[in-house]
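Below: one structure, written as C-alpha cells.
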Number of protein chains: 2
Amino acid sequence: MLRNGRQAPRVTASEEALLPIDTILVGDCIEHMNALPAGSVDLVFADPPYNLQLSEGLTRPDQSRVDAVDDDWDKFDSFAHYDAFTRAWLKAARRVLKPDGALWVIGSYHNIFRVGAALQDLDYWLLNDVVWRKANPMPNFRGTRFTNAHETLIWAARDRKSRVTFNYEALKLANDGTQMRSDWLFPICTGAERLKNGEDEKVHPTQKPEALLYRVLNATTRPGDVVLDPFFGTGTTGAVAKKLGRHFIGIERETPYVSAALKRIAAIRPASAEAVATTTPKRAEPRIPFGSLIEQGMIAPGTQLVDDRRRFAALVRADGSLASGPHQGSIHRVGALVQGAEACNGWTFWHLERGGELAPIDVLRTDIRQRMALLSA
Amino acid sequence: MLRNGRQAPRVTASEEALLPIDTILVGDCIEHMNALPAGSVDLVFADPPYNLQLSEGLTRPDQSRVDAVDDDWDKFDSFAHYDAFTRAWLKAARRVLKPDGALWVIGSYHNIFRVGAALQDLDYWLLNDVVWRKANPMPNFRGTRFTNAHETLIWAARDRKSRVTFNYEALKLANDGTQMRSDWLFPICTGAERLKNGEDEKVHPTQKPEALLYRVLNATTRPGDVVLDPFFGTGTTGAVAKKLGRHFIGIERETPYVSAALKRIAAIRPASAEAVATTTPKRAEPRIPFGSLIEQGMIAPGTQLVDDRRRFAALVRADGSLASGPHQGSIHRVGALVQGAEACNGWTFWHLERGGELAPIDVLRTDIRQRMALLSA
DNA sequence: CCTTCGTTTGAATCGCCCT
DNA sequence: AAGGGCGATTCAAACGAAG
C-alpha cells in the first residue's frame with residue numbers, strides 16, 4: 001500500500017457534512033458533479049454509455065432474437081457529440097477528485113479509444129489499462145469476427161503527480177503471491193446477481209458483475225474512502241462499496257434504475273473488516289488448441305503426421321487443419337475420416353517422427369503447457 | 001471466409017510489376033506509401049512507435065511562447081504532434097489499401113487510444129480490438145501498478161462497407177472447434193527467435209513474436225495477398241508472410257533493422273502451397289438450387305418433407321417449390337412460414353425419410369456437389 | 001437426493017448476390 | 001442503387017424439468 005503513514009480516516013466529520021455520502025443523486029451527472037465541493041472524492045468509477053452503433057435485429061442461429069442495447073441513453077449523433085459529452089463529464093469528475101484521487105472508466109472498442117484520448121487531453125495520467133476477460137461472452141453469431149470476449153478499463157490518476165492508492169501487497173497476496181496482472185477473468189453478470197423486473201426482464205441492460213467492482217475498490221481504495229459513480233445504473237458500485245466499508249455517491253438520471261439500486265443497496269449488510277478480502281477467481285486453464293502448436297513453431301506447416309502403425313498419413317497445413325487425400329479438417333475429424341470411424345482423438349491418433357521414433361502429437365501439447373506454466377511462474 | 005466466389009490469385013502479374021513485392025523500402029513510411037499505387041494492398045500491419053522524441057526539430061507557430069511553456073503545454077504539444085503523425089500515416093495507409101482491405105495496429109495504453117480515435121475519425125471501420133496477453137510479461141518492479149501484461153491490437157476495415165477477409169472456419173477449426181476470441185495468449189519474443197547483435201544485445205527493443213503475426217495473417221489474409229508493414233523493424237511481418245505464402249512490403253527508416261530483416265527473411269523457406277492452402281468454407285461452395293435435385297431425379301415431385309421432429313410437413317412440387325397448407329414458395333420461405341419465423345435455412349430444416357430415418361435434404365446437396373467435383377476433376 | 005438434458009441468454013457496431 | 005431471396009451462423013453458464 002502506498003502512503004503508508006496516513007492511517008487517519010479518509011473522511012472527516014466536516015467533509016461528510018458537505019458530501020452527500022451513501023446517497024443517490026437523481027439527474028444529470030455533470031450538473032450534480034459541478035454542485036459538489038472540489039477535491040472531495042477519492043475515486044471515480046464510471047461506466048458511461050458505449051455509443052454502440054447497432055444495425056437492425058440480430059438473430060441467433062436458432063432464429064431467436066438478441067436483446068440489443070437500444071436505449072435512448074446510448075444514442076449519440078456523431079463522434080463529435082460523444083466526444084463533447086465525454087470531455088464534459090471527465091472534466092467535472094476531475095474537479096471533484098482529491099489531488100491524489102484516481103478514476104476508473106470501463107468501455108468497449110466502440111468508445112474506449114475516445115475516452116482514453118480525452119483522459120490524456122484533460123491531463124489525467126494513465127496508470128494502467130486493464131482487460132476484463134469475460135468467461136462467458138456472447139458469441140459472434142454470424143461468424144464474421146473474433147468473439148468480442150473482453151472489455152477495457154482505464155485506471156488514471158487525477159494528474160501526473162497524484163500519489164494514488166494502490167494496495168499492492170493485498171493484491172499480490174490475493175493473487176497467490178504473484179503480482180496482479182492487467183488481465184482479469186470474470187464471468188458476466190447473470191443468475192441471482194442480475195436484477196430482474198418480475199419474471200425475466202432485465203432491469204438494466206448492462207449490469208456489471210460485483211466481482212469486477214470488488215477488484216477495483218479493493219485495489220485502489222481504502223476503507224472509508226468516498227467513491228463517486230456518475231453513471232450509477234442499478235448501483236453495483238454502491239453495493240460493493242457498502243460491502244467493503246467504502247462510501248459511495250451515485251448519480252443516475254433514470255428513475256427506474258435509481259429505485260432498483262436503492263432497494264438493492266438497502267438489503268446489503270456490510271462485511272466485517274476481515275472479510276474485506278479480494279475474491280479469487282478460478283485460474284484460467286491453459287487450453288492448448290492444435291493451431292497454437294503451429295503458431296508457436298512447434299510443428300511446421302507441411303509436416304507429415306502418421307498413425308502409430310503408419311497406415312495413414314496426413315499433411316499439417318498452416319491454418320491448423322490436416323489434409324489427407326480427399327479429406328480435410330481438424331486433427332480429430334481427419335483421423336476419423338481416414339479410418340472410416342465416427343470419432344477419433346487426434347492428439348493420440350496422429351504421430352510425429354522424432355529421432356527415428358514415432359511420438360503422438362500429444363507430447364507437444366504437454367511441452368507447450370509446461371513452457372507456459374514455467375513462464376507464468 | 002467472406003468473398004466466396006473469387007478463387008483467383010490476389011495478385012496478378014501486372015499488379016506485381018507495379019508493386020515492390022517482397023521488398024524493404026528504406027526511408028520514411030509516409031513518403032513511401034504515397035509513392036505506391038492507390039488501392040493495391042490487401043492488409044496493413046503496423047507496429048508504430050509510441051515514444052516519440054518530438055522536442056528536437058519541432059517548430060511552433062509562435063516562437064515567443066516556447067520559453068514560457070510549462071509542462072501542460074509540452075504535454076499538449078507532444079500529444080498533438082503524435083496525433084498529427086498518426087493521422088498522416090493512417091491516411092497514407094488507407095489510400096494504399098484495396099477497397100476491401102483491412103489494417104491491424106498494435107500498441108499499449110500510451111498510444112493506442114489516440115490511434116483508435118484517429119482510425120474512427122479517418123473513417124476506418126473498427127472490427128475488433130484484440131488483446132495480446134503475454135505469458136511472460138515484465139513485472140512491475142516498483143509495485144506501484146498492475147503488471148502490464150498485455151498489449152492491444154485493433155483490426156479495422158478500410159471503410160464500413162469493406163468486405164474483409166476473415167478465415168472464420170479455419171480459425172475455429174484450429175481452436176478446437178470454438179470461435180477464436182478477442183484475447184490471445186502468447187509468450188513474448190525470446191530465445192532463438194529474438195535477434196541479437198553478437199553476444200546478447202537486442203537488435204530491436206520491441207521485436208514481436210512470430211506467433212502473433214502468424215495468427216494475424218492466418219486469420220485475415222489469403223495465400224498470395226500483399227501485406228504492407230510501414231514500421232517493418234526487424235521484419236517479423238515479412239518473415240511470417242514468407243512462411244505463409246503471402247507477399248510483403250516493408251518500410252523501415254533505420255538501416256540496422258533493415259539489414260537484420262533482410263538476412264532473417266532470406267533464411268526462411270516458405271511452406272509448400274499445399275501446406276498453405278486454407279480450409280474451404282461452406283460459403284464458398286457452389287450454389288445448388290433445390291430445383292436441380294428434382295431435375296436430377298434425386299427427389300420426386302410429390303415427395304413429403306418434414307422437419308426433424310415431424311411437427312411440419314410439406315409437399316415437393318415439380319417446379320422446385322414446396323407447398324404446406326396455405327403456404328407455398330421456396331424451401332426457405334415455406335420453412336420460415338410454417339414456423340412463423342423471419343428466416344429459415346430450408347436445407348437443414350426439411351428432412352426426408354430415408355430407410356426409416358430422417359435425413360436433412362442437405363445430404364442430397366452434398367451428394368450433388370461431390371458428383372460435380374468428380375466430373376470437373 | 002443427485003444427474004442429465006434441454007432451454008435460455010448475454011454492451012453486438014455480425015452477408016452476399018442478383019435483379 | 002435499393003430491395004429481396006438465398007442460406008450461413010453460437011458458447012458458457014444458469015436454471016428448470018425430467019429421470
Side-chain angles (χ1 to χ4, degrees), chain A residues 47-71 73-76 79 106-112 132 134-152 185-194 196 199-202 204-209 233, chain B residues 1-6 100 120 124-129 156-157 160-164 166 168-169 172 175-182 281-285 287-290 329-333 335-336 342-350 361-362 365:
Chain A
D47 182 9
Y50 286 9
N51 189 25
L52 299 185
Q53 296 154 48
L54 305 179
S55 54
E56 278 300 303
L58 178 66
T59 53
R60 299 188 179 82
D62 65 3
Q63 302 300 332
S64 62
R65 293 189 74 81
V66 175
D67 187 15
V69 179
D70 53 3
D71 306 71
W73 50 254
D74 197 43
K75 295 211 191 321
F76 295 85
F79 283 135
I106 182 167
S108 67
Y109 68 86
H110 311 87
N111 71 322
I112 199 65
W132 167 30
K134 301 182 183 181
N136 48 346
M138 189 190 300
N140 182 292
F141 296 117
R142 306 297 293 268
T144 55
R145 302 182 179 185
F146 299 98
T147 307
N148 204 345
H150 74 276
E151 294 190 19
T152 301
L185 179 68
F186 294 113
I188 61 176
C189 181
T190 57
E193 190 186 322
R194 188 85 196 216
K196 302 268 173 65
E199 283 301 296
D200 47 12
E201 190 205 1
K202 288 174 287 190
H204 194 285
T206 69
Q207 187 182 338
K208 295 293 176 289
Chain B
M1 191 192 298
L2 308 181
R3 291 186 299 180
N4 312 330
R6 302 198 226 156
D100 288 338
Q120 291 178 313
Y124 282 89
W125 187 245
L126 303 194
L127 298 167
N128 275 117
D129 60 338
R160 186 172 189 162
K161 293 184 177 164
S162 303
R163 297 171 308 159
V164 301
F166 182 58
Y168 175 77
E169 293 82 1
K172 183 173 173 180
N175 195 39
D176 288 353
T178 61
Q179 295 186 335
M180 188 67 78
R181 297 170 39 121
S182 59
K282 277 199 191 157
R283 294 183 233 245
E285 305 254 323
R287 291 211 166 187
I288 309 290
F290 178 68
S330 71
I331 52 172
H332 313 294
R333 180 158 173 71
E342 294 237 335
C344 170
N345 182 344
W347 290 109
T348 50
F349 179 75
W350 292 113
I361 56 175
D362 202 24
R365 186 169 60 157

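Note on naming: letters A, B, ... go to the chains in the order of the sequence lines (proteins, then strands), and numbering restarts at 1 for each one.
- With C1' as the reference atom, C:dC14 and C:dG10 are 15 Å apart, rounded to whole Å.
- Set against D:dT9, C:dT13, D:dT10, the side chain of B:Trp125 has C:dT13 as its closest nucleotide.
- Side-chain N/O atoms of A:Lys134 include none lying less than 4.0 angstrom from OP1 or OP2 on D:dA12.
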Please tabulate, one pair per line, all N/O donor-acceptor pairs under 3.5 Å involving side-chain atoms of residues 48-62 of chain A, not counting sequence neighbours.
from	atom 1	to	atom 2	distance (Å)
A:Tyr50	OH	A:Glu151	OE1	2.5
A:Arg60	NH1	A:Ser64	OG	3.1
A:Arg60	NH1	A:Arg65	O	3.3
A:Asp62	OD1	A:Ser64	N	3.0
A:Asp62	OD1	A:Ser64	OG	2.7

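- Using C1' as the reference atom, C:dA12 and D:dT9 are 14 Å apart when rounded to the nearest Å.
- Using atom P as the reference point in both C:dT13 and D:dG4, the two lie 27 Å apart (nearest Å).
- Contact annotation: A:Arg145 does not reach the phosphate of D:dT10 (side-chain N/O to OP1 or OP2, under 4.0 Å).
- Remark: B:Asp176 engages A:Arg287 in a salt bridge (Lys or Arg N to Asp or Glu O under 4.0 Å) (not counting sequence neighbours).
- With D:dT9, C:dC14, D:dT10 as the choices, the nucleotide that has an atom nearest any side-chain atom of A:Gln63 turns out to be D:dT9.
- A salt bridge does not link B:Asp100 with B:Lys161: none of the charged nitrogens is closer than 4.0 Å to a carboxylate oxygen.
- Between A:Arg142 and C:dG15, a side-chain N or O to OP1/OP2 separation shorter than 4.0 Å is present.
- Evaluation of the ring pair (Phe, Tyr, Trp, His ring centres under 6.0 Å) rule for A:Phe141 yields no partner, not counting sequence neighbours.
- Of the residues near DNA chain D, A:Pro137 and A:Thr190, the one whose nearest nucleotide (by heavy atom distance) lies more toward the 5' end is A:Pro137.
- B:Asn128 has no side-chain polar atom (N or O) that falls below the 4.0 Å cut-off from OP1 or OP2 of C:dT13.
- When each of D:dT10, C:dA12, C:dT13 is scored by its nearest atom to the side-chain atoms of A:Pro139, the top-ranked nucleotide is D:dT10.
- For A:Pro205, the side-chain contact (heavy atoms from CB on, under 4.5 Å) partners at least two apart in sequence or on another chain are A:Val69, A:Asp71, A:Trp73, A:Tyr257.
- Contact annotation: A:Ser55 side-chain N/O to C:dC14 OP1/OP2 distance is under 4.0 Å.
- By the side-chain contact (heavy atoms from CB on, under 4.5 Å) test, B:Arg333 is found to be paired with B:Ser330, B:Leu337, residues two or more places apart in sequence or in another chain being considered.
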Pairing string of DNA chain C (Watson-Crick or G-U wobble, both atom distances under 3.5 Å; | = paired to other strand) is .|||||||||....|||||
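- Of the side-chain N and O atoms in A:Lys202, one or more sit less than 4.0 angstrom from OP1 or OP2 of C:dG10.
- Put simply, B:Tyr168 has no side-chain N or O that comes within less than 4.0 Å of OP1 or OP2 on C:dG15.
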